[in-house]
Amino acid sequence: MNSSAHHLTSKLPQLPESIFSTMSNLAKEHNAINISQGFPNFEPDPTLIQLVTKSMKDGYNQYAPLGGIYPLREVIAQKIELLYGAKYHPQSEITITVGATQAIFTAISAFVWPNDEVIVLKPAYDCYEPAIIANGGIPVLIQLSGKDYQVDWDDFKAHLNEKTRMVIINTPHNPSGRVFSKSDMLALQNCLKDTNIILLSDEVYEHIVFDSNTHESASKYPDLASRSFVCASFGKTFHATGWKMGYCAAPAELMQEFQKIHEFNVFCVNHPFQRALAEYLKEPAHYLNLSPFYQEKRDLFLNAIQGSRFRFTPTQGTYFQLLDYSEITDENDLDFALRLVKDSGIACIPISVFNKDLADNKQIRVCFAKTSETLLKAAEIIISI
Ligand code: PMP
Ligand code: GLN
């Protein structure tokens with residue numbers, strides 16, 4: 001097809017292929033163990049699958065209400081209150097979305113105007129910057145320091161000005177696994193105090209935190225909650241990334257603007273899955289058991305790679321673990337990851353792609369949302385590198 005009659009100017013001209021697609025495709029091509037892209041290689045709870053099937057058989061196959069079905073929004077509001085002590089009105093303050101990605105894109109579309117600045121902490125998950133740029137905004141990138149990615153809150157504050165429309169945070173953090181502490185959240189709250197800045201808080205790994213860490217949701221901090229979109233993903237929580245189901249919570253005034261974009265972006269989200277999730281979420285154990293479930297996997301994997309030449313600090317949250325390979329080679333992390341998938345039969349994610357200016361810290365990310373068998377096979381290879 002000839003499109004030369006059109007004068008196309010890309011809104012996202014410098015977009016490389018997603019590292020998740022690159023590595024997962026290479027894993028297939030080389031028949032390698034895929035611990036790169038973040039998804040479980042085991043199935044969701046059969047009870048949840050039965051609930052979806054039942055919803056379809058019961059006839060919930062037409063459009064859902066715009067913001068989502070009330071019973072699901074209600075049970076989400078109850079969950080947030082139970083865990084974080086914050087009250088959201090199910091009807092006006094919670095919206096069901098097509099995964100967290102759509103919640104994030106919609107919040108950005110609703111509030112970011114051309115030339116507005118949006119603070120992004122690097123390394124960052126890949127969906128924030130393209131959404132800001134597609135809406136005419138300017139991503140202001142702040143690199144987190146060291147190999148453990150701490151926030152220097154004085155430096156953060158120095159980046160805020162009258163053009164700052166929004167700040168995006170992600171805790172527990174992909175790719176580093178770092179969990180913001182209470183003092184991080186208080187420092188953030190202090191920095192944003194007396195401003196009109198909106199906070200987009202990506203909390204898709206809220207139910208995966210380890211050891212003595214706790215998830216500090218923005219909804220727990222009243223001054224943050226009053227300016228925040230808190231985004232969540234059922235894909236992460238219920239081992240069903242392919243369902244692309246999520247939600248966000250925000251004060252009514254903000255949610256009203258969000259829904260104006262949501263209406264013309266998707267209108268509403270998959271109905272039978274909402275019915276099933278509304279039922280399944282009534283049992284808090286279904287999400288409260290997730291941290292011990294993944295902590296066991298993390299520990300199995302880390303014990304199995306003791307004695308390897310990789311260095312690591314056990315991850316605080318998420319189902320990702322960073323591995324430092326600086327004692328193995330000087331290669332940059334992308335070359336190293338490409339070599340591992342081709343020569344060693346293991347696919348992982350190089351961290352530089354998430355860093356400001358592609359800074360290479362000689363770290364790779366592995367995903368331990370895998371069966372014990374896969375984790376032990378992967379560990380055997382890692383030990384041999
Ligand atoms: N944010 C982060 C930090 C993620 O890792 C992911 C990954 N999947 C998403 C958002 C997107 O979530 P969803 O698949 O529900 O769109
Ligand atoms: N969130 C997943 C990860 O970090 C990937 C999602 C995607 O493939 N876009 O690996």
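All ligand and atom numbering here is 1-based and tracks the order in the structure. Position 1 is the first residue of the sequence; numbering continues from there.
Judged as a side-chain contact (heavy atoms from CB on, under 4.5 Å), and not counting sequence neighbours, the contacts of N289 are A285. Qualifying side-chain hydrogen bond (donor to acceptor under 3.5 Å, both in side chains) partners for N332, counting only residues two or more places apart in sequence or in other chains: D335. Shown here are the side-chain hydrogen bond (donor to acceptor under 3.5 Å, both in side chains) partners of H239, two or more places apart in sequence or in another chain: Y294.
Less than 4.0 angstrom separates some heavy atom of G38 from each of these atoms of ligand 2: 2 (C), 3 (C), 10 (O).
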So what's ligand 1 close to, N/O to N/O, under 3.5 Å?
residue, atom, partner, partner atom, Å
ligand 1, 1 (N), D202, OD1, 3.4
ligand 1, 1 (N), D202, OD2, 2.5
ligand 1, 5 (O), N174, ND2, 2.8
ligand 1, 5 (O), Y205, OH, 2.6
ligand 1, 8 (N), K236, NZ, 2.8
ligand 1, 14 (O), K244, NZ, 3.1
ligand 1, 15 (O), A100, N, 2.8
ligand 1, 15 (O), S233, OG, 2.7
ligand 1, 16 (O), A100, N, 3.1
ligand 1, 16 (O), T101, N, 2.9
ligand 1, 16 (O), T101, OG1, 2.5
ligand 1, 16 (O), K244, NZ, 2.7

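Close N/O approach between Q37 and ligand 2 is found [any backbone or side-chain N/O within under 3.5 Å]. For ligand 2, one of its N or O atoms has an N or O atom of N174 under 3.5 Å away. Between F20 and ligand 2, no pair of N/O atoms sits closer than 3.5 Å.
Using a 4.0 Å cut-off between a side-chain N of Lys or Arg and a carboxylate O of Asp or Glu, E74 and K282 do not qualify as a salt bridge.
A cation-pi arrangement is found for R365 relative to F320, the charged atom lying closer than 6.0 Å to the ring centre and inside a 45° cone about the ring normal. Cation-pi geometry between K79 and Y287 is satisfied (NZ or CZ under 6.0 Å from the ring centre, within 45° of the ring normal). For K370 and F39, the positive end sits near the middle of the six-membered ring, less than 6.0 Å away and at most 45° from its axis.
Here the two rings, on Y84 and H215, have centers that are under 6.0 Å apart.
For the residues Y125, F320, F39, the heavy atom positioned nearest atom 6 (C) of ligand 2 is part of Y125.
Looking only at distances, no side-chain donor or acceptor of R178 sits under 3.5 Å from a matching main-chain atom of P172.
Residue-level proximity to ligand 2 for K236 is carried by the side chain, the only part with a heavy atom below 4.0 angstrom.
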